[in-house]
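Scroll down for the structure; my scribbles are underneath it.
In what follows, every heavy atom counts, from backbone to side chain, and hydrogens, waters and symmetry copies are set aside.
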Amino acid sequence: MTTHSNHPFHLVDYSPWPLTTSIGIMTTMSGMLKWFHQYDIYLFLLGNIIIILNIYQWWRDVSRESTYQGLHTNIVIMGLRWGMILFILSEILFFVSFFWAFFHSSLSPSVELGMLWPPMGITTFNPFQIPLLNTVILLTSGITVTWTHYSLMESNFSQATQSLFFTVILGMYFTMLQMYEYMEASFTISDSVFGSTFFMATGFHGIHVLVGTTFLLICLMRHLNNHFSKYHHFGFEAAAWYWHFVDIIWLFLYVSIYWWGN
């Protein structure tokens with residue numbers, strides 16, 4: 001391991017995690033195909049276990065490099081910031097494709113849809129019930145995560161802990177309500193282009209909520225272990241940026257698919 005360098009950049013040590021994580025992703029995708037075609041979920045679960053184990057060990061190494069070894073200099077952190085910004089931009093374009101598909105069909109419904117939107121036979125959700133509650137929950141979580149950020153900058157450990165805990169709980173509550181909404185849905189992903197665009201857009205958003213909640217939960221654990229300081233807390237900042245992105249995408253989903261598309 002390199003103990004001294006004459007430059008401010010971080011040249012990472014040899015690591016097995018990119019290779020083993022790739023194996024886990026390949027196993028998960030193969031297991032998903034097997035699950036879809038042969039109704040056998042075990043390979044898919046094995047792939048998920050491999051990915052979770054790799055995530056734990058890879059994130060452990062990154063935390064060690066940044067917190068204890070001091071390898072994340074200002075130049076390295078600037079690179080990480082730009083990496084996170086570009087990643088979020090790519091995620092925005094990912095969701096643009098779903099909105100494009102939705103508006104392409106809803107603004108000018110084809111003959112096959114009966115020239116109606118929503119299509120005949122689709123009973124949509126009431127936008128002023130669970131969807132509105134979920135909107136309030138996510139907006140509240142955006143407030144609490146901002147509260148956490150200000151608490152970190154003020155070196156207020158207890159308030160940062162409380163607000164970050166509330167944010168994680170709100171993220172979990174949102175996911176539970178989304179699952180309940182899916183179970184109560186009167187249509188499926190195979191019910192015309194409405195079902196396809198609805199479940200693809202809201203489903204992928206739900207996956208992003210799960211990822212963001214996990215991200216914030218890891219930040220809470222790191223905070224409790226005193227990994228963050230007033231000046232060095234980019235791990236949390238990245239999670240907060242991601243969570244605000246999730247909030248904004250949900251607002252577009254709520255206004256366009258739940259309310260206007262209804």
Salt bridge (charged side-chain N to carboxylate O under 4.0 Å, His left out) pairs touching residues 174-201, sequence neighbours excluded, are none
Between T73 and P8, which heavy-atom pair has the shortest distance, and what is it?
-> OG1-O, 2.5 Å
Show me the donor-acceptor pairs within less than 3.5 Å that the side chains of residues 237-255 make with the rest of the protein, sequence neighbours left out.
residue	atom	partner	partner atom	Å
E237	OE1	R81	NH1	3.2
E237	OE2	R81	NH2	3.1
W243	NE1	S141	OG	2.8
W250	NE1	T135	OG1	2.9
Y254	OH	P127	O	2.8

Salt bridge (Lys or Arg N to Asp or Glu O under 4.0 Å) against R60, all qualifying residues, sequence neighbours excluded = none
Are H205 and L138 close enough that some pair of their side-chain heavy atoms sits under 4.5 Å apart?
-> yes
Considering all heavy atoms of both residues, which atom of H72 and which atom of I77 are nearest to each other, and what is their separation?
-> O-CD1, 3.7 Å
Heavy atoms, side chains only, cut-off 4.5 Å: are T175 and L210 in contact?
-> yes
Give the intermediate values and the outcome of side-chain hydrogen bond (donor to acceptor under 3.5 Å, both in side chains) for residues S158 and N156.
-> CA-CA 6 Å; S158 61; N156 192 326; 3.2 Å; yes
Answer yes if the ring centres of F95 and H208 are under 6.0 angstrom apart, and no otherwise.
-> yes
Count the heavy atoms of every other residue, nucleotide or ligand shown that sit under 6.0 Å from CE of M153, and state whether that count exceeds 12.
-> yes
How far apart are the closest heavy atoms of A185 and F199, and which atoms are they?
-> CB-CZ, 4.1 Å
Going by the salt bridge (charged side-chain N to carboxylate O under 4.0 Å, His left out) test, which pairs reach into residues 17-37, not counting sequence neighbours?
-> K34-D40
Residues passing the ring-ring contact (aromatic ring centres under 6.0 Å, His included) test with F236, sequence neighbours excluded, are H149
Kindly compute the distance separating OG1 (T28) from CD1 (I50), expressed to the nearest 0.5 Å.
-> 7.0 Å
N74, CG: over 12 other non-hydrogen atoms inside 6.0 angstrom | no
Using the rule that two of Ile, Leu, Val, Met, Phe, Trp, Tyr join whenever any of their side-chain heavy atoms come within less than 4.5 Å, decide whether V209 and L177 are in one cluster.
-> yes
What do you reckon, is CD of E154 surrounded by more than 12 foreign heavy atoms closer than 6.0 Å?
-> no
Are M78 and M84 linked, directly or through other ILVMFWY residues, by side chains that come within less than 4.5 angstrom of each other?
-> yes
Begin from the C-alpha positions of L133 and I137 and carry the test side chain to side chain contact (heavy atoms under 4.5 Å, CB included) through to its verdict.
-> CA-CA 6 Å; L133 177 58; I137 288 169; 4.0 Å; yes
Sequence neighbours left out, what pairs pass ring-ring contact (aromatic ring centres under 6.0 Å, His included) with at least one residue falling in residues 36-57?
-> W35-F44
Which distance, rounded to the nearest 0.5 Å, do you find between the OG of S66 and the NE2 of H227?
-> 8.0 Å
Partner residues of Y180 under the side-chain hydrogen bond (donor to acceptor under 3.5 Å, both in side chains) criterion, sequence neighbours left out = none
Co-membership, hydrophobic cluster, residues I92 and F215, 4.5 Å side-chain = yes
Please work out which of the three classes, parallel, tilted or perpendicular, describes the rings of W117 and F194, given edges at 30° and 60°.
-> tilted
Could you pull out all residues at least two apart from T144 that satisfy side-chain hydrogen bond (donor to acceptor under 3.5 Å, both in side chains)?
-> T167
Quick one: closest heavy-atom pair of S106 and F103, and the distance?
-> OG-CA, 3.3 Å
Value rounded to 0.5 Å, distance of OG1 in T214 from CH2 in W59 | 7.0 Å
Supply the atom-to-atom distance S155 OG to F157 CZ, rounded to the nearest 0.5 angstrom.
-> 11.5 Å
Within residues 167-176 or reaching into it, pairs that qualify as salt bridge (charged side-chain N to carboxylate O under 4.0 Å, His left out) - sequence neighbours excluded | none
Indicate the atoms forming the closest heavy-atom contact of L164 with C219, along with that distance.
-> CD2-C, 3.8 Å
Polar side-chain atom of S163 near backbone of V145 as donor-acceptor pair, under 3.5 Å | no
Hey, does the side chain of S30 reach the backbone of T27 with a donor-acceptor pair shorter than 3.5 angstrom?
-> no
Which residues satisfy the side-chain hydrogen bond (donor to acceptor under 3.5 Å, both in side chains) test with T161, sequence neighbours excluded?
-> H223
Calculate, to the nearest 0.5 Å, the distance between atoms CG and OG1 belonging to L220 and T213 respectively.
-> 12.0 Å
Shortest non-hydrogen contact from A201 toward I257 = CB-CD1, 3.9 Å
Between Y150 and L170, is there a shared hydrophobic cluster once you connect ILVMFWY residues whose side-chain heavy atoms come closer than 4.5 Å?
-> no
So do I130 and F125 actually touch side chain to side chain, heavy atoms under 4.5 Å?
-> no
Between the side chains of T202 and Y182, is a donor N or O closer than 3.5 angstrom to an acceptor N or O?
-> yes
Sidechain-backbone polar pair: S186 side chain, T123 backbone, donor-acceptor under 3.5 Å = yes
Applying side chain to side chain contact (heavy atoms under 4.5 Å, CB included), run through Q57 and T20 and close with a yes or a no.
-> CA-CA 11 Å; Q57 294 172 104; T20 53; over 6 Å; no
Which residues pass the side-chain hydrogen bond (donor to acceptor under 3.5 Å, both in side chains) test with W17, sequence neighbours left out?
-> D61
Under a single-linkage definition using a 4.5 Å side-chain heavy-atom cutoff for Ile, Leu, Val, Met, Phe, Trp and Tyr, are I25 and I23 assigned to the same hydrophobic cluster?
-> no
S196 side chain to S192 main-chain N or O, any donor-acceptor pair under 3.5 Å?
-> yes
Under 4.5 Å between side-chain heavy atoms, chaining through other members, with only Ile, Leu, Val, Met, Phe, Trp and Tyr counted: pull out the rest of the cluster around I49, sorted by chain and number.
-> L53
Measure the CG-CD1 distance between N48 and I55 for me, rounded to the nearest 0.5 Å.
-> 9.0 Å
Within a radius of less than 6.0 Å around CH2 of W259, do more than 12 heavy atoms belonging to other residues, nucleotides or ligands occur?
-> no
Aromatic centroids of F198 and F102 separated by under 6.0 Å = no
Verify the neighbour count for atom CH2 of W260: are there more than 12 heavy atoms of other residues, nucleotides or ligands below 6.0 Å?
-> yes
